Amino acid sequence: MVSVNLGLVHYVLDHIYGTLLHRSKLGTPFFSKGWGGTKLDLLERMVKQLFPEAHCQNWPPTAVHPMWKTVWETNSSCLREGVFRTTCDERLIDALPPESHNARVAFLTPKNITPEKMACVVHLAGTGDHTFERRLRLGGPLLKNNIATMVLESPYYGQRRPSMQRGAKLQCVSDLLLLGKTTIDEARSLLYWLQTEAGYGKMGICGLSMGGVHAAMVGSLHPTPIATLPFLAPHSAVVPFCEGVYKYATAWDVLREDAAAITQDVTSLTEDAAQKTGITIEQVRDRLRSVLSLTDVTRFPVPKNPQAVIFVGATDDGYIPRHSVMELQKAWPGSEVRWVTGGHVSSFFLHNDAFRKAIVDALDRL
């Protein structure tokens, strides 16, 4: 009898999927237009302002007033979609593509119960999650627990995607930070709206993969206890882009040439900049690690109720190694880590029940 190591199978499947999607060179890589110039400088300064030592976590955030329309309604539930002007800083609005200036949300709620007797969880997008559907499917069964679901469409995704961007492959490094900072600002404004305008009794924030990183940051910065649920999330974007599968989907040569061109502008070089300056790919990777270290969740403050923080990791994740998940728990004593059997990709499809149970349990701890 042949014994099959299912963990290894899931791990290999992640890498096969990553090879087909990222290493085949058939599509546009991440950061095909370089670092982002002055936008990156602006984003580095503004993201640093999120950290606790800056003492400027900016609460309350900018208020939102979504324009709602009903998509469908039954005797027991209702789905609405809303649009509002992004709440990020005007300097960031200028840096955003015009398509991303207006935010979109889907709001799935149970009927015949008042908001103060309900909970609502804001769901943030993982890499490549351009629509509302997957997250609505995750949240839909929670209606029976009187838990509403609010799904935010990220900038650069879905109807907010720039016309020149292909799929989820952001064109500049600055776009990644801009996507994150804008998502955090919009999510914080939505939580404020749920609390002050809609009157919800309990609230939470969750997300898968990249969305989990953003959810952790939002939960960390919220001034009152909320359920915080990062699923399949690394402690930092350094992990997938510099150590994991995404490093094969990154335009390293473009980043090298862009870095050399910046140096050329400074030194007025006329020869081939990359050769003249001697910039190596490893130096470029070090620079990217430095930039993406701004997304390190372990540098953020511990949430107000760490017992209401539940991380869910996959045992054989080819994208997010176990040690990265454990870094999160180590940084936030009192939080919980749960493990589902499988890889990064397979867990998206196989473990929605585990994600839902984590949501219910975390809300019960508030």
Side-chain angles (χ1 to χ4, degrees), residues 7 10-11 14-15 18 44 47-48 50-54 57 124 126-127 176-177 179-181 183-184 187 204-222 225-247 250 285-345 347-348 351 354-355 358-359 361-362 365:
H10 287 297
Y11 185 83
D14 276 352
H15 281 271
E44 286 186 279
V47 171
K48 287 177 182 177
L50 288 172
F51 295 143
E53 59 264 32
Q57 295 177 22
L124 304 182
T127 301
L176 185 63
L177 293 184
L179 183 159
K181 180 65 168 67
T183 297
I184 292 165
I205 186 85
C206 79
L208 285 103
S209 196
M210 176 184 72
V213 176
H214 296 154
M217 294 176 177
V218 173
S220 164
L221 296 173
H222 200 76
I226 62 172
T228 303
L229 299 134
F231 300 145
L232 310 178
H235 73 283
S236 165
V238 171
V239 175
F241 281 98
C242 298
E243 302 170 11
V245 174
Y246 289 161
K247 69 181 179 183
T250 297
R285 288 185 175 132
D286 287 342
R287 168 62 174 147
L288 187 62
R289 288 187 189 98
S290 175
V291 171
L292 297 186
S293 68
L294 295 173
T295 68
D296 189 340
V297 177
T298 65
R299 298 172 63 184
F300 281 68
V302 179
K304 298 300 183 292
N305 183 353
Q307 284 74 32
V309 178
I310 300 178
F311 302 105
V312 179
T315 56
D316 301 283
D317 195 323
Y319 285 67
I320 311 301
R322 181 184 289 260
H323 73 80
S324 185
V325 180
M326 297 309 296
E327 286 287 329
L328 294 166
Q329 186 190 38
K330 181 180 177 182
W332 291 354
S335 62
E336 180 184 354
V337 175
R338 297 181 181 179
W339 298 98
V340 294
T341 302
H344 197 79
V345 176
S347 294
F348 271 82
H351 294 300
F355 299 143
I359 290 171
D361 291 347
R365 296 173 184 179

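Predicted, not measured: the structure shown is a model, and the values here were computed from it. Throughout, residue positions are numbered sequentially from 1 according to the sequence presented. Heavy-atom basis, side chains included; hydrogens, waters and symmetry copies ignored.
- Contact record, Ala314 with Gly343: CB-O, 3.8 Å, taken as the closest heavy-atom pair.
- If you take CZ on Phe300 and CD1 on Ile184, they are separated by 5.5 Å, rounding to the nearest 0.5 Å.
- A parallel orientation is assigned to the rings of His344 and Tyr319, their planes being inclined by less than 30° (bins at 30° and 60°).
- Taken from CD in Glu327 to CG in Asp296, the straight-line distance is 8.0 Å, to the nearest 0.5 Å.
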His214 and Leu179: CA distance, side-chain angles, deciding distance, side-chain contact (heavy atoms from CB on, under 4.5 Å) verdict = CA-CA 10 Å; His214 296 154; Leu179 183 159; 3.5 Å; yes

| request: Give the C-alpha distance, both sets of side-chain angles, the deciding distance and a yes or no for side-chain contact (heavy atoms from CB on, under 4.5 Å) between Arg299 and Ser293. | output: CA-CA 9 Å; Arg299 298 172 63 184; Ser293 68; 4.1 Å; yes

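- Looking at Ile205 and Ile226, their side chains come closer than 4.5 Å, going by heavy atoms from C-beta outward.
- The CE atom of Met210 sits 9.0 Å away from atom CG of Leu124, with the distance rounded to the nearest 0.5 Å.
- The two residues Pro301 and Ser220 have their closest heavy-atom pair at O-OG, 2.6 Å.
- Annotation for Leu232 and Gly313: closest pair CD2-C, 4.1 Å, computed over non-hydrogen atoms.
- Between Ala358 and Leu229, the shortest heavy-atom contact is O-CD2, 3.4 Å.
- You'll find the side chain of Trp339 reaches within 4.5 Å of the side chain of Val325, heavy atoms only.
- Inter-residue side-chain proximity for Pro225 and Gln307 is flagged as unmet; no heavy-atom pair is nearer than 4.5 Å.
- Here His351 and Phe355 keep their ring centres 6.0 angstrom or further from each other.
- Interatomic distance, His222 NE2 to Thr228 OG1, rounded to the nearest 0.5 Å: 9.0 Å.
- The side chain to side chain donor-acceptor pair (under 3.5 Å) check on Glu243 picks up nothing, with sequence neighbours excluded.
- Nearest approach of Val218 to Ala187, heavy atoms of both residues: CG2-CB, 3.9 Å.
- Counting only distance, with no hydrogens or angles, the side chain of Thr295 and the backbone of Leu292 share a donor-acceptor pair below 3.5 Å.
- Here the CG atom belonging to Asp317 is positioned 7.0 Å from the OG atom belonging to Ser347, to the nearest 0.5 angstrom.
- Closest non-hydrogen pair, Val302 versus Ala331, comes out as CG2-O, 3.6 Å.
- Here the side chain of Ser335 pairs no donor or acceptor atom with the backbone of Pro306 at under 3.5 angstrom.
- With hydrogens and angles disregarded, no donor-acceptor distance shorter than 3.5 Å links the side chain of Thr298 to the backbone of Leu328.
- Looking at Arg365, its side chain never comes within 3.5 Å of a backbone N or O of Asn305 through a donor-acceptor pair.
- In this structure, Gln329 and Val309 have side chains that are not in contact, with every pair of non-hydrogen atoms separated by 4.5 Å or more.
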Practice problem: May I have the step-by-step check of side-chain contact (heavy atoms from CB on, under 4.5 Å) for Leu177 and Val291, ending in yes or no? | Solution: CA-CA 9 Å; Leu177 293 184; Val291 171; 3.8 Å; yes

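- Contact of the Ser324 side chain with the His235 side chain is registered, since non-hydrogen atoms from C-beta on lie closer than 4.5 Å.
- Contacts of Phe311 classified as ring-ring contact (aromatic ring centres under 6.0 Å, His included), with partners at least two apart in sequence or in another chain: Trp332.
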